[in-house]
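In listed order, ligands and their atoms are each counted from 1.
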Amino acid sequence: MKVLVAVASKHGATREIADEIGNTLRAKLGERAEVEVLFAANVATIAGYDAVVLGSAVYMGHWMTEATDFVHRYQEALRTMPVWMFSSGPVGTPPKPLEEPLEIGKLRWLAYARGHRVFAGRIDRHRLGLGDRAVVAALRVHDGDYRNWEEIRSWAATIATALRRVRERAHTP
Ligand SMILES: Cc1cc2nc3c(=O)[nH]c(=O)nc-3n(C[C@H](O)[C@H](O)[C@H](O)COP(=O)(O)O)c2cc1C
């Protein structure tokens, strides 16, 4: 079984979440599964994959273009395999905003995604350009890494369980 974890990330926080999801899937699915983590923009084809986990950072309420393009580009193939989506966005204590990315309902529908999960993200002013820094200052958001690794790993573990079931069903005569 081949699993693709594709991700759109501007400053690296969401990429690290994708890497952690990939590590958890590898650990839980064992040697018979091949798990690849790639930037969504670098994926040239999804032929050969049996499942996809797609994630994006959220900026100004939206998924990044690389991730939405990925869904539009591969929607037909995505509908033939199990797909999960995740977002990395809300920051602060408690993490805000609570709203899901604006296009997620449509994207889930296009890919027949089984689920979508929002994870808290990371803000590090030093990594931001001037424009983004001004937005963060205006919103009075404090720097911090709000990612909850336990939550991320346990979500990935539920995906591994679902994929094991898919694999067992495929091998049942
Ligand atoms: C300018 C700016 C706008 C943001 N807008 C949102 C938003 O609308 N919703 C949200 O949940 N997070 C928002 N965030 C938080 C980021 O999505 C979060 O920090 C994320 O983890 C960054 O991921 P990345 O490092 O992979 O780019 C914003 C961050 C910045 C700097």
Just distances here: any N/O of Gly89 and N/O of ligand 1 closer than 3.5 Å?
yes

Atoms of ligand 1 close to Gly61 [distance to a heavy atom under 4.0 angstrom, numbered from 1]
7 (C), 8 (O)

Are there more than 12 heavy atoms of other residues, nucleotides or ligands under 6.0 Å from atom NE2 of His72?
yes

Give yes or no for whether the N/O distance cutoff of 3.5 Å, strictly under, is met between Val91 and ligand 1.
no

Counting heavy atoms under 4.0 Å, the part of Arg122 that contacts ligand 1 is backbone

Would Ser9 count as a polar contact of ligand 1, with the cut-off being nitrogen or oxygen pairs under 3.5 Å?
yes

With heavy atoms of Pro97 as the reference, note each atom of ligand 1 found under 4.0 Å away.
9 (N), 10 (C), 11 (O)

Of all the atoms in ligand 1, which lie at a distance below 4.0 Å from a heavy atom belonging to Lys10?
24 (P), 26 (O), 27 (O)

Identify the closest protein heavy atom to atom 22 (C) of ligand 1: which residue and atom is it, and at what distance?
Tyr59 OH, 3.4 Å

Side chain, backbone, both or neither: the part of Val136 lying under 4.0 Å from ligand 1 by heavy atom:
side chain

Using modelled atom types only, decide if a donor and an acceptor are shared between the side chain of Thr14 and the backbone of Ser56 within a distance under 3.5 Å.
no

With heavy atoms of Ala57 as the reference, note each atom of ligand 1 found under 4.0 Å away.
23 (O), 24 (P), 26 (O), 27 (O)

For ligand 1, find out whether one of its N or O atoms is nearer than 3.5 Å to an N or O atom of Arg15.
no

Atom indices of ligand 1, in the order listed, that fall short of 4.0 Å to a heavy atom of Thr14:
23 (O), 24 (P), 26 (O)

Nearest-neighbour protein heavy atom for atom 25 (O) of ligand 1, which is reported as residue plus atom name and distance:
Ala13 N, 2.9 Å

Other residues, nucleotides, ligands: >12 heavy atoms within 6.0 Å of Arg165 CZ
no

Any N or O of His62 that comes nearer than 3.5 Å to an N or O of ligand 1?
no

What salt bridge (Lys or Arg N to Asp or Glu O under 4.0 Å) pairs are there with at least one residue in residues 136-147, not counting sequence neighbours?
Glu16-Arg147, Arg125-Asp143, Asp145-Arg147

More than 12 heavy atoms of other groups within 6.0 Å of Trp109 CH2
no

Note: ligand 1 atoms sitting under 4.0 Å from heavy atoms of Met60 are 3 (C), 4 (C), 5 (N), 6 (C), 7 (C), 8 (O)

For Val3 against Tyr49, the heavy-atom pair lying closest together
C-CD2, 3.9 Å

Proximal ligand 1 atoms for Gly121, defined as those under 4.0 Å from one of its heavy atoms:
21 (O)

Given the ring of Phe86, does Arg117 sit roughly above its face, with NZ or CZ under 6.0 Å from the centre of the six-membered ring and within 45° of the axis?
no

Around atom 21 (O) of ligand 1, find the nearest protein heavy atom and jot down its residue, atom name and distance.
Ser88 OG, 2.8 Å

Heavy-atom side-chain contact between Val52 and Phe70 under 4.5 Å
yes

Around atom 28 (C) of ligand 1, find the nearest protein heavy atom and jot down its residue, atom name and distance.
Val58 O, 3.7 Å

One should read off an interatomic distance between Thr80 OG1 and Gln75 CD, to the nearest 0.5 angstrom, of 12.0 Å

Work out which heavy atom in His11 is nearest to a heavy atom in Arg122; give both atom names and the distance.
O-NH2, 3.0 Å

Tell me, which pairs form a salt bridge (Lys or Arg N to Asp or Glu O under 4.0 Å) where one or both residues lie in residues 35-51, sequence neighbours left out?
Lys2-Glu36

Interfacing atoms of ligand 1 (cut-off 4.0 Å, heavy-atom, Asp132)
1 (C)

Is there a donor-acceptor contact under 3.5 Å from the side chain of Glu103 to the main chain of Trp63?
yes

